[in-house]
Each structure stands twice: as C-alpha cells, then as structure tokens.
There are 2 protein chains.
Amino acid sequence: MAGNTNVSVSVIKRLPRYYRFLGELKKSGIVRISSGELSKRMGFTASQIRQDLNCFGGFGQQGYGYNVEQLYREIGKILGVDNNIKAILIGAGNLGKAIATHMSFEQRGFNLIGIFDKNEALAGQLVRNIPIRHISGMYNFCRDNSPVVAVLCIPSENAKDIIEELIPLGIKGFWNFSHYDIANNYPDVAVENVHLSDSLMMLSYRINNLK
Amino acid sequence: MAGNTNVSVSVIKRLPRYYRFLGELKKSGIVRISSGELSKRMGFTASQIRQDLNCFGGFGQQGYGYNVEQLYREIGKILGVDNNIKAILIGAGNLGKAIATHMSFEQRGFNLIGIFDKNEALAGQLVRNIPIRHISGMYNFCRDNSPVVAVLCIPSENAKDIIEELIPLGIKGFWNFSHYDIANNYPDVAVENVHLSDSLMMLSYRINNLK
DNA sequence: AGTAGTTTGTCAATAATATAACAATAAAAA
DNA sequence: TTTTTATTGTTATATTATTGACAAACTACT
C-alpha cells in the first residue's frame, strides 16, 4: 500500500542507509535482491526491510524480490535526491569550509549558492568556487536568490539570532552543526541537528562500558 | 537505584544533551533545578528525565530537585569527559583537518596524538600542532603509543582494510565519518558512525514532506 | 515542632517499534 | 501445464520506549 503519510522517524532514518546499500549493489552489477539477502548484508531483519519499504509502495514481487535499479530510484525519489534545493552556508571557519568542500550537495538534492561569515577578512575567498561573503550581505542575498536551506556552522551564541533572521527570509530547513538546539516549534521548518560533540561523547561512553 | 548495566541506547543518546543543558544552567548561575523545569527547557517530559537519570543513580532529592553542579559532574563522569583516551585520526583531507582543528577532544575525554594520511605531500604539515604522518608509519606509531580510538575521515573504499589493520593494534573505538558502515560484529569494539550524507538526505526528505 | 507544598523514585498504563507468522502470488522447475 | 519453491505484503505478536500516576520523602514556612 503506497502513500507516505505518517511514516515514523525510525523508518525515515533507515532510508538513506537503504539508498547507500542499493547504490553499492547496483554498482556491483546485482540486478535483483530479496529482503532476506538484504537483511544479511545490512543487519536489519528481513521483516523490517519489507515493512519499511511498504510504507512507500509495493516495490517488490513475490517469488522474485526487489529490482535493485528500480528500488534505488524509488528511494532516491522519496529522499528527493533529484531536487535542486538552493542552500546557503553560514560560518566559514574550519568546519564550514570543510562541509562546503567535502559534501556532495548536488548528489543529495541541494545546490550550494552562497557562503557567509562575520569575519570581514574572509570576504572574497573562494570555497568550492563560491566566494565567501560578509554576513551583512545575507539579507539582500536571500531576498534576491531565495535559498530554502541554511547550513549553520556557527558558534551557538549566534545561532538563535541567525535562525530568527533567516526564517522570515524564507528558509525552510536548517542543517545545524552548531551546539545550539533548534527547538522544533517553528512551524513549517525542518531541522537536522548534527551535534558532533554529542556523538563523540557517546563514543566515550561506549568505550568506557565495553564488556 | 544505581548501576549502569543494560541502559538502553535511547537513554544514552540523551545523555550528552542533558550534559549540554546542565552546563548552560551552571554557567548562568542556576544552582538547583526540578525535572519539571528541565522538561520545559529541553522539551523532554519530566517523567522521562527522572527515569533517564535514575538509570544511573538517585541524583535528586524530593521536594528539592537536582543540584545542577552535582548532576553536571555525575553525567560528565558517566560520559567519561575526564578520561584522556588517546586517539589518532586517519585521513587529513578537508574533513579530517576540520575535525582535528574544530573538535574539543580534550573536553570530551580524548587526546588526539596522531594524524595520518596516504598522501605523502601532506607529511610534516601541522594541524592543531600535530604533524601529519604518512599512513605507512601508522603501524609503528600504534605499537609505540597505543592509541585506543581512531577517527576515520577516509573514503569508504579504504575503510575496511584500515579497520582490520587497526583492531589488532588495540583500537577499541571508531569515530567513523566514512560512508562505510562498520558492522558491529567486531567483539569489544565501540563504533559511532556519523554519516553526514545520511543526515543531509533526511533533511531533504523532511523539506519535501513539510505540511 | 508541626504542617503545607514540592518533587523525586518507581510502578503501572499506554504507545511505538520490531519481529514473527503466514496466506497470497509469482517465478522456476518438472 | 502443473507442481514446487521462493518471496512478498500484511496481519498478529512481542518487545521496547514513553508517559502518567502516586506514595514516600524532603523543604520551607508558620
């Protein structure tokens, strides 16, 4: 049964992983795959895989399994990898520059069109062929170019103000690397908090608690 | 009731967030806090907060609440922020360098002692005052310095080999930024996969599905 | 000291998520 | 063509996580 309403967060979190594995299968020339075989390779149960995929449509066929190419395309469509969402990045420090350079924005449905920093000294410097602009030009830039997503690589002190400046300018999504927790009480705004420090602390916890 | 056995992953994931909020409360001079007040600030239910904290010990007091300073210290201890776990970083590209420079390893219980890359041209370059070494020196370096954690900022193609070289050298934890999924079938090894691309794709999904 | 008001720790109830089971159906083999 | 085998979609069950409820216990006030 198709229809992507009310899909739980747990399912959505697994989608990129399916996409990644299917991409690899495709690359290695595998044409069809069963939920059982996928289960072995990915470490999810076959039951879960079938149930996950069925949230979006009956992509498989009894007695055959799933067509790798088709399933890859379908999940890509669900994840919107063919979109071309305009994005800006705020904060061109070490992390900001690395994210700008390192991420394959285009392959994930995004188009990075502007980079901003409060440090005037950085202005004009090119990152991924995009000039860093002083933050004071952000307002006009957004008005003129209508980006939809902002990548935040800024100190947490500045986060709240930047967010509340950007939302009225039409930003609908934040990819947040700052330590600030973006409350999800802004209507119609999507947020992905990355919180690298949290991840590092969890690793610390796990190492301390190895059997 | 104390004892940190069988604490669920869901709880552990929230610990760094508690730690972060308590740090802010401490900074702003707040001495005590109730689960109800924390609930309002963090967006978890008071019941969940009390239950989470009780996995590790009865840190609160009826009629009073929790002492901010004490709770901060306790959670820090649980997360091991006062440890000094020796870590190496493999892959000094954009992302690797940024992670090395940007992260407060010491504040999270780690001590970054070595950086490696397969690119000979980078050898000798200083990042955070640590010289980049050629990957060929990794074996001896590990034997001599016994790092416990490896931060992987390498392409997925190289991941499996590096991991299987490092485990016999005594690496007990991986902070993995590569696209490779580290299977958790290595006994006594802790893994934190970051998967930035997955996070970006989830943002894409969410933007496409805003009401 | 006694009492009223808080707030925890914990148990019970509910909700969410994952797994197992299986009939329906298609592919492959006989 | 018929039978066997494979594998899905889907319902039922089990497990895990979250929320609600409340007695016990402490604080703070009178």
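Labels below follow one simple rule: chain letters A, B, ... track the order of the sequence lines, proteins then strands, and each chain is numbered from 1. It should be emphasised that the depicted structure is a prediction, and the values quoted were computed from it without experimental measurement.
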Worksheet item: Given C:dT7, D:dG9, D:dC22, which nucleotide is nearest the side-chain atoms of A:Asn54?
Response: D:dG9

Worksheet item: Quick one: do B:Arg17 and A:Asp181 make a salt bridge, cutoff under 4.0 Å?
Response: yes

Discussion item. If the threshold is 4.0 Å, N to carboxylate O, is there a salt bridge linking A:Arg128 and A:Glu106?
Written reply: yes

Item to complete: Looking at every strand, decide which applies to A:Phe59 at a 4.0 Å heavy-atom threshold: base, sugar-phosphate, or nothing.
Response: sugar-phosphate

Worksheet, complete the sentence: Heavy atoms of B:Ile115 and B:Ala100 approach each other most closely as CD1-CB, 4.1 Å

Discussion item. I'd like to know if B:Gln51 reaches the base of C:dT10 with its side chain, counting only an N/O donor and acceptor under 3.5 Å.
Written reply: no

Practice prompt. With the side chain of A:Gln48 defined as its heavy atoms from C-beta on, choose the nearest nucleotide among C:dT19, C:dA28, C:dA26.
Written response: C:dT19

Worksheet item: Using a cut-off of 4.0 Å on non-hydrogen atoms, how would the nucleic acid contact of A:Tyr66 be classed: base, sugar-phosphate, or nothing?
Response: sugar-phosphate

Worksheet item: Pick one: which of A:Arg108, A:Arg20, A:Lys13 meets salt bridge (Lys or Arg N to Asp or Glu O under 4.0 Å) with B:Asp198?
Response: A:Arg20

Worksheet item: What integer distance in Å separates A:Ile49:CD1 from D:dG9:P?
Response: 12 Å

Worksheet item: Does a nitrogen or oxygen in the side chain of A:Ser10 sit under 4.0 Å from OP1 or OP2 of C:dT17?
Response: yes

Discussion item. Less than 4.0 angstrom between a side-chain N/O of B:Ser8 and OP1 or OP2 of D:dT16, yes or no?
Written reply: no

Discussion item. Does D:dT7 have OP1 or OP2 under 4.0 Å away from a side-chain N or O of A:Ser35?
Written reply: no

Discussion item. Whole angstroms only, please: what is the CZ-P distance between A:Arg32 and D:dA6?
Written reply: 11 Å

Fill in: Minimum-distance nucleotide (side-chain atoms of B:Gln62 versus C:dA18, C:dA27, D:dA24)
D:dA24

Worksheet item: Which one, D:dT7, C:dT19, D:dT27, comes nearest to the side chain of A:Ser47?
Response: C:dT19

Item to complete: Check the distance between C:dT17's P and A:Phe44's CZ and give it to me in whole angstrom.
Response: 15 Å

